[in-house]
Amino acid sequence: MQEYQNFNLIEQITRNDGSKYFELGNIFLNGRAELAVERGFIQEVRILELNIPRSTAVKTYEKYINENYEFPDVNFDHWEEWDKPAGKIQTAFQEILRANHIN
């Protein structure tokens, strides 16, 4: 069983086609994203905001991701972009971006 991941930063990820998206994570997940860049799965990752507040929206999104996705081990062979389904999860994610003056 994987360890529960608490999110405390916001990243901007650049896909290989040049398009960009925002994601929540932590230092562990940022390290995996940096490794994904080195392996050519994504083009770039930048931390935009550190130590974001642990709001209800962050906890909602974090719980959804922890329950629905496996976090990559060091031998991962692709980059998985997390879906943000319409409704409660997408609303929480947009609220996090707004609260942190991103978007």
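Scope of the values below: all heavy atoms of this structure, side chains included, with no hydrogens, waters or symmetry mates.
- Among residues two or more places apart in sequence or in another chain, the side-chain hydrogen bond (donor to acceptor under 3.5 Å, both in side chains) test is passed with Ser19 by Arg15, Asp17.
- Among residues two or more places apart in sequence or in another chain, the side-chain hydrogen bond (donor to acceptor under 3.5 Å, both in side chains) test is passed with Tyr69 by none.
- Hydrophobic clustering (ILVMFWY, side-chain heavy atoms < 4.5 Å, transitive): Phe71 and Tyr61 are in one cluster.
- For the pair Asn26 and Gln5, the minimum side-chain heavy-atom distance is below 4.5 Å.
- To the nearest 0.5 Å, atoms CD1 (Ile13) and CD1 (Ile42) are separated by 5.0 Å.
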Contacts table for residues 44-55: side-chain donor-acceptor under 3.5 angstrom, sequence neighbours left out:
unit_1 : atom_1 : unit_2 : atom_2 : d
Arg46  : NE     : Gln12  : OE1    : 3.2
Arg46  : NH2    : Gln12  : OE1    : 3.1
Arg54  : NH1    : Glu62  : OE1    : 2.8
Arg54  : NH2    : Glu62  : OE2    : 3.0
Ser55  : OG     : Ala57  : N      : 3.4
Ser55  : OG     : Val58  : N      : 3.2

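- In the hydrophobic clustering of ILVMFWY residues, with side-chain heavy atoms under 4.5 Å counting as a link, Leu9 and Ile65 come out apart.
- Every residue two or more places apart in sequence or in another chain was checked for a salt bridge (Lys or Arg N to Asp or Glu O under 4.0 Å) with Lys20, and none qualifies.
- The salt bridge (Lys or Arg N to Asp or Glu O under 4.0 Å) check on Glu70 picks up nothing, with sequence neighbours excluded.
- With sequence neighbours excluded, no residue satisfies side-chain hydrogen bond (donor to acceptor under 3.5 Å, both in side chains) with Asp77.
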For a quick test of your reading: what N or O donor-acceptor pairs under 3.5 Å do the side chains of residues 27-41 make, sequence neighbours left out?
unit_1 : atom_1 : unit_2 : atom_2 : d
Asn30  : ND2    : Glu11  : OE2    : 2.7
Arg32  : NE     : Pro72  : O      : 2.9
Arg39  : NH1    : Val74  : O      : 3.0
Arg39  : NH1    : Phe76  : O      : 2.9
Arg39  : NH2    : Val74  : O      : 2.8

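- Evaluation of the ring pair (Phe, Tyr, Trp, His ring centres under 6.0 Å) rule for Phe7 yields Trp82 as partners, not counting sequence neighbours.
- Panel note: side chain Asp73, backbone Asn75; a donor-acceptor pair is recorded below 3.5 Å.
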Under 3.5 Å, sequence neighbours excluded: what are the donor-acceptor pairs made by side chains of residues 90-97?
unit_1 : atom_1 : unit_2 : atom_2 : d
Gln90  : NE2    : Lys84  : O      : 3.2
Thr91  : OG1    : Gly87  : O      : 2.8
Gln94  : OE1    : Asn103 : ND2    : 3.3

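- Residues satisfying the side-chain hydrogen bond (donor to acceptor under 3.5 Å, both in side chains) criterion with Lys88, sequence neighbours excluded, are absent altogether.
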